[in-house]
Protein chains: 2
Amino acid sequence: MAHTHDDHHHERPRDLTRNQDLVLSTLNEAHEPLSAYDILDRLREDGLRAPLQVYRALDKLIEQGLAHRLESLNAFVCCADVGCHRARGSAAFAICSGCGRVDEFADDEVNARLAGWAAEHGFALERTTIELRGRCAECRKSQSGSPLR
Amino acid sequence: MAHTHDDHHHERPRDLTRNQDLVLSTLNEAHEPLSAYDILDRLREDGLRAPLQVYRALDKLIEQGLAHRLESLNAFVCCADVGCHRARGSAAFAICSGCGRVDEFADDEVNARLAGWAAEHGFALERTTIELRGRCAECRKSQSGSPLR
DNA sequence: ATCGCTAGCGTTATGTCATAACATATCAGT
DNA sequence: ACTGATATGTTATGACATAACGCTAGCGAT
Ligand SMILES: [Zn+2]
Ligand SMILES: [Zn+2]
Ligand SMILES: [Zn+2]
Ligand SMILES: [Zn+2]
């Protein structure tokens, strides 16, 4: 969108609509990935009724790099490092099958190697998914159960 | 037409069951990822009636490294490199949004870096998903449409 | 042989995730 | 106020995946 001549705020990441704000807050308060329907359930008392309201908000949040979709889980988390979208290469996620904890990180070397493969093969890279599944340090100590598939 | 997951004549272990063999053959003959329901549709005339028959076969094939699940697509491909399961680290996939072509590859450096992150963080790595989305060289030349979401 | 175990199979029903289609509302620029 | 873009609300439907049940075939041990 075109900015006016005296607009020095070239990034306005907090220009969120009501639904987007509700969804982002829900993700922020959760300590685990949430499915769109999980989010919906937590927002019924705020007036949300239909999945589409959640999915639309999620689309925008993801577009702005404020949230991420975990493909291997069909669930969503808020971004742990706002700015990862622009400042760093694509993010990777370590997902614990024990407690649901998700650690977001980025590895420049990994991103460089994948970009390299793409360049070599004439592949126009648009989006990268990197997801590690396993058990986090905490869960390895305590032999706790496995809530995640 | 470019072939990727083409007619590799996989050495199929003789211990595949009828359903597993049907599903693997279907994946081998396809030149694109197939959803479980796509596979089911192609196997109706062979007597398959229910999704579960396909999912159960897929589970076994994936377990044996003969097929892979593409998380970002909710679809399946046959393994382009039998033995990737054992011989190499986890596989990566470049998925073309234009034609559906999938290239399977493995990058030792990428796998090493991800294993390194896991080791540093006490994360017991069980499974890794690496999926690149974009447009393949062929599709960049010809401005063809976008059948994949 | 037949018992008991295991793996696979077939079927119905259900659960979970995601989008199509359409109507209405809100807001900024003119 | 008019207009176009974006966001919203709602209903219905499509797409992906599993629960729960009982049956069958294969196989080694008794
Ligand atoms: Zn992030
Ligand atoms: Zn954990
Ligand atoms: Zn493979
Ligand atoms: Zn292509």
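Quick note on labels: first sequence line is chain A, next is B, and so on, each numbered from 1.
Here B:Asn19 reaches the OP1 or OP2 of C:dG10: one of its side-chain N or O atoms lies under 4.0 Å away. At D:dA7, none of the side-chain N or O atoms of A:Thr17 fall inside 4.0 Å of OP1 or OP2 (strictly under the cut-off). When the side-chain nitrogen and oxygen atoms of B:Arg69 are compared with OP1 and OP2 of D:dC16, none of them lie within a distance under 4.0 Å.
One hydrophobic cluster, built from ILVMFWY side chains closer than 4.5 Å, holds both B:Leu16 and B:Leu40.
Contacts of A:Leu52 with the nucleic acid, taken as non-hydrogen atoms under 4.0 Å apart, include base atoms. Residue contacts shown for B:Ala36 are absent, as no nucleic acid heavy atom lies under 4.0 Å away. Residue contacts shown for A:Arg56 include a base, since a base heavy atom lies under 4.0 Å away.
The aromatic ring of A:Tyr55 is not stacked on the base of C:dT19, since the criterion of ring centres less than 5.5 Å apart with planes inclined by under 30° is not met.
Atom CG of A:Asp21 and atom P of D:dT8 are 11 Å apart (whole Å). One can place CD of A:Gln20 at 12 Å from P of D:dG9, the figure rounded to the nearest angstrom. The distance between atom CG of B:Asp15 and atom P of D:dC27, rounded to the nearest whole Å, is 13 Å. Taking atom OH of A:Tyr37 as the reference point, atom P of C:dG15 lies 13 Å away to the nearest angstrom. Distance A:Leu34 CG to C:dA18 P: 13 Å, rounded to the nearest Å. Put simply, NZ on B:Lys60 is 11 Å from C1' on C:dT6, counting in whole angstrom units. For the pair B:Gln53 CD and D:dT18 C1', the computed distance is 14 Å after rounding to whole Å. One interatomic measurement links the two molecules: CD1 of B:Ile39 to C1' of D:dA15, which rounds to 14 Å at whole-angstrom precision.
Between B:Phe123 and B:Trp117, the ring planes lie perpendicular to each other; the angle is over 60°, past the 30° to 60° tilted range. Note: A:Phe76 and A:Tyr55 have perpendicular aromatic rings, judged against thresholds of 30 and 60 degrees for the angle between ring planes.
A salt bridge is defined here as a Lys NZ or Arg NE, NH1 or NH2 lying under 4.0 Å from an Asp or Glu carboxylate O, and B:Arg127 with B:Glu71 meets this definition.
For A:Asp38 (side chain) and A:Ser35 (main-chain N/O), a donor-acceptor pair under 3.5 Å exists by modelled atom type.
Between B:Ala50 and A:Ala75, the residue anchored nearer the 5' end of DNA chain C, judged by the nucleotide with its closest heavy atom, is B:Ala50.
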